[in-house]
There are 2 protein chains.
Amino acid sequence: MANIKDVAERAGVSVATVSRVLNGRSPVAATRERVLAAVEELGYRPNVVARALRTARTRTLGLVISDLRNPFFTELADAVEQEARRLGYSLIIGNAGESPEQQDDYIRTLLDRRIDGLMVSSAGTGSAMLHEVVSAGTPLVLLDRSVPGVAAPCVRAEGRAALTDLAAHLAALGRRRPAVIVAPAGTPVGDERLELFRAALLGHGIALPPERIGSSPDLSSAGGRRVTRDLLDLAEPPDAVLATDNLMALGALDEVRARGLRIPDDLALVAFDDVPWFAHTDPPLTAVAQPTRELGRAAVHTLLERIEGRPAGSVLLPARLVVRRSCGEPPTH
Amino acid sequence: MANIKDVAERAGVSVATVSRVLNGRSPVAATRERVLAAVEELGYRPNVVARALRTARTRTLGLVISDLRNPFFTELADAVEQEARRLGYSLIIGNAGESPEQQDDYIRTLLDRRIDGLMVSSAGTGSAMLHEVVSAGTPLVLLDRSVPGVAAPCVRAEGRAALTDLAAHLAALGRRRPAVIVAPAGTPVGDERLELFRAALLGHGIALPPERIGSSPDLSSAGGRRVTRDLLDLAEPPDAVLATDNLMALGALDEVRARGLRIPDDLALVAFDDVPWFAHTDPPLTAVAQPTRELGRAAVHTLLERIEGRPAGSVLLPARLVVRRSCGEPPTH
DNA sequence: GGGCGCTAGGTAATCGATTACATCGGGAGG
DNA sequence: CCTCCCGATGTAATCGATTACCTAGCGCCC
């Protein structure tokens with residue numbers, strides 16, 4: 001493969017001149033033409049490895065995602081990738097599979113590859129490597145999940161408005177005994193969603209007692225199903241369930257079907273996260289949609305600000321309620 | 001960040017010795033200890049960019065996937081990533097979004113980054129860049145989709161056994177008027193699946209006339225739905241439908257529901273590709289499961305063979321029929 | 001005891017770009 | 001006409017590793 005020296009020889013100039021032409025500095029028209037012609041004829045492409053060594057910039061970003069097979073994160077990763085690419089960066093995606101060890105291992109690899117910046121949707125509750133990233137000075141942005149004690153901007157969705165709408169929606173449909181399925185205790189997003197929902201319900205005089213708050217051992221459909229089973233076995237079972245993640249919603253759906261219950265007649269079901277196939281379930285699920293692609297874009301922009309040395313704060317984007325038919329009476333429009 | 005020179009100074013040896021210790025060649029115990037201690041104290045990590053420049057190997061693979069948001073490809077990408085990582089390689093994933101231009105663009109970027117090898121599940125019908133990859137000598141493996149005229153091994157699943165089983169299954173359940181939803185004409189995988197299914201049906205004396213072969217304009221649920229509509233509008237509508245892709249199966253499900261038809265009573269539905277939520281539809285879908293993770297692993301292994309200069313042929317792994325309840329009578333076990 | 005071979009480890013070239021600095025030539029101003 | 005300055009371009013250092021080649025020292029054998 002042709003290198004810059006070959007181009008220089010062919011054009012009858014020095015390598016410095018070739019570099020300058022290609023990077024848009026100075027050289028005059030005639031020289032410029034000759035260099036570009038040589039580049040064309042040889043099919044020259046700059047060696048980005050050599051360039052990265054010299055400039056100490058790889059034009060590569062890293063993304064460590066907690067579970068790539070969760071459709072919410074798939075879409076998030078896709079959005080990040082597209083935006084990074086649009087701005088001239090490549091992306092290396094690492095899938096932590098909800099394991100903090102694998103996450104740390106991945107971050108290590110990415111740092112070794114001298115990525116210009118890192119985005120992490122952290123598995124579990126924080127990790128040692130995250131602190132190391134910060135103290136090593138590598139620009140970092142937390143995505144979807146904030147991590148206490150890590151000094152980095154966080155880009156995520158905020159559910160206040162959507163959950164307020166949801167509470168109103170449920171109240172209007174006469175649901176009085178809501179329940180919530182939350183992720184394992186201690187994950188900040190789950191707790192926040194729970195508290196916002198509780199507050200919103202309170203505005204309609206509806207309580208959310210502890211027995212109707214089910215904590216799943218993990219973010220999986222099996223976990224969601226187990227929690228739903230317990231909720232439905234209560235002496236006073238709920239008449240509405242909010243699952244705070246799409247996989248747990250799927251598990252809830254399974255349990256409801258297994259018992260021969262009907263949605264929305266016997267139980268209303270709402271999911272946090274709107275993934276494509278929720279529109280295709282029977283009935284279509286009402287969901288709190290996160291602005292997934294916007295989150296991805298915002299994460300990249302925030303990271304680039306940091307990379308270019310500008311300060312950048314956290315970003316909170318509002319989620320919104322998508323009403324379908326799983327709580328009763330279809331939307332009237 | 002500490003570099004090899006810092007380590008050399010601290011250990012009181014030359015950089016060559018440090019390099020040798022770290023790469024496992026010669027030096028004697030005492031020196032070795034000193035070097036490793038210095039590495040430890042300084043938290044030294046080799047600069048992989050510099051190493052790549054010198055050795056002309058980046059230990060990075062590229063994967064260009066036709067549509068990352070299609071759950072089949074999500075899982076495939078995840079499997080590839082895990083295996084690559086296990087073998088000490090990083091992976092850059094590019095999502096072509098079923099666009100040949102974007103695919104070419106991506107391949108260009110990956111070549112520029114001097115990846116050691118490339119895997120492609122090609123969007124559309126081939127592309128100019130693929131030939132360029134081959135003639136540039138970059139090891140290439142085609143994944144899931146073969147491309148006529150490109151001299152590279154192809155790793156994919158083969159449906160003969162599964163479709164033979166499916167034909168028997170449908171025949172046993174008394175289905176006599178099967179239909180197929182195929183991807184746009186000209187995509188080799190779709191055509192192959194169609195022909196294998198046709199042959200298998202013939203073995204049971206069941207015909208597959210042209211009017212019951214619906215060709216979707218694209219690999220999407222909307223496309224699948226449109227085709228299903230046409231099939232159901234036939235004077236003699238089918239009593240079983242095989243969708244050759246999971247998204248098109250989803251569209252078929254939508255159309256069936258919209259018409260108030262019941263599965264399996266009014267229509268049997270089978271999908272090619274088994275994705276997680278097929279087990280959660282109502283009823284759970286019978287599907288032809290590709291050995292997705294094995295495909296990913298095989299692709300990485302085949303590629304590494306090529307990278308290390310050994311010849312490697314194509315790999316065909318058998319798909320298998322997963323019987324659930326969308327064709328009638330549950331399995332008797 | 002001298003020559004030989006072997007090994008540990010140092011010196012320096014190299015990968016392919018970017019870029020600080022030097023040089024050269026020409027035009028403008030005094 | 002000379003000087004000064006500026007713009008175009010060349011020369012060479014540099015990024016951080018790997019590795020070919022060379023040297024020094026040691027032990028062994030005759």
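Everything quoted here is computed from the prediction, not taken from an experiment. Per chain, numbering begins at 1; letters A, B, ... match sequence-line order.
- Side chains of A:Ser121 and A:Ser66: a donor-acceptor N/O pair is present below 3.5 angstrom, by distance only.
- Between the B:Asp273 side chain and the B:Phe72 main chain, no donor and acceptor come within less than 3.5 Å of each other.
- No side-chain N or O of A:Thr74 forms a donor-acceptor pair with one of A:Asp78 less than 3.5 Å apart.
- Toward the 5′ end of DNA chain C lies the nearest nucleotide of B:Gly12, the other residue of the pair B:Gly12 and B:Arg114 mapping further downstream.
- Per the geometry, CG belonging to A:Asn47 stands 5 Å off P belonging to C:dA17, to the nearest Å.
- If you take CG of B:Leu22 and C1' of D:dG16, they are 13 Å apart, rounded to a whole angstrom.
- Atoms NZ (B:Lys5) and P (C:dT11) sit 12 Å apart, rounded to a whole Å.
- With DNA chain C read from its 5' end, the first of the two nearest nucleotides for B:Val15 and A:Pro46 is the one closest to B:Val15.
- Distances shown here put a side-chain N or O of A:Ser14 below 4.0 Å from the OP1 or OP2 atom of D:dG10.
- Between D:dG16, D:dG10, C:dG10, one nucleotide has an atom nearer to the side chain of B:Ala50 than all others, and that is D:dG16.
- Distances shorter than 4.0 Å separate some side-chain N or O of A:Thr17 from OP1 or OP2 on D:dG10.
- If you measure from atom CZ of A:Arg57 to atom C1' of D:dG16, you get 19 Å, rounded to the nearest angstrom.
- A donor-acceptor contact closer than 3.5 angstrom is absent between the side chains of B:Arg156 and B:Gln290.
- At the heavy-atom level, B:Val13 lies under 4.0 Å from the strands shown only through sugar-phosphate atoms.
- Atoms CZ (B:Arg32) and C1' (C:dG9) sit 15 Å apart, rounded to a whole Å.
- For A:Arg20, counting side-chain heavy atoms from C-beta on, the closest listed nucleotide (D:dA12, C:dC21, D:dA20) is C:dC21.
- In this structure, CZ of A:Arg54 is placed 13 Å from P of D:dA13, rounded to the nearest angstrom.
- In this structure, B:Leu53 places its CG atom 17 Å from P of D:dT14, rounding to the nearest Å.
- A sub-4.0 Å separation between OP1 or OP2 of D:dA17 and a side-chain N or O of B:Thr55 is absent.
- Phosphate proximity of C:dT18 to A:Ser19: present, with a side-chain N or O under 4.0 Å from OP1 or OP2.
- Between B:Met1 atom CE and D:dC15 atom P the separation is 17 Å, expressed in whole Å.
- Each of A:Val80, A:Leu76, A:Leu68 was evaluated against A:Leu63; a single residue qualifies, A:Val80, per the side-chain contact (heavy atoms from CB on, under 4.5 Å) test.
- Checking the phosphate oxygens (OP1, OP2) of D:dG16, a side-chain nitrogen or oxygen of B:Asn3 falls inside 4.0 Å.
- The side chain of A:Ala16 sits closest to D:dG10 out of C:dG10, D:dG10, C:dA17.
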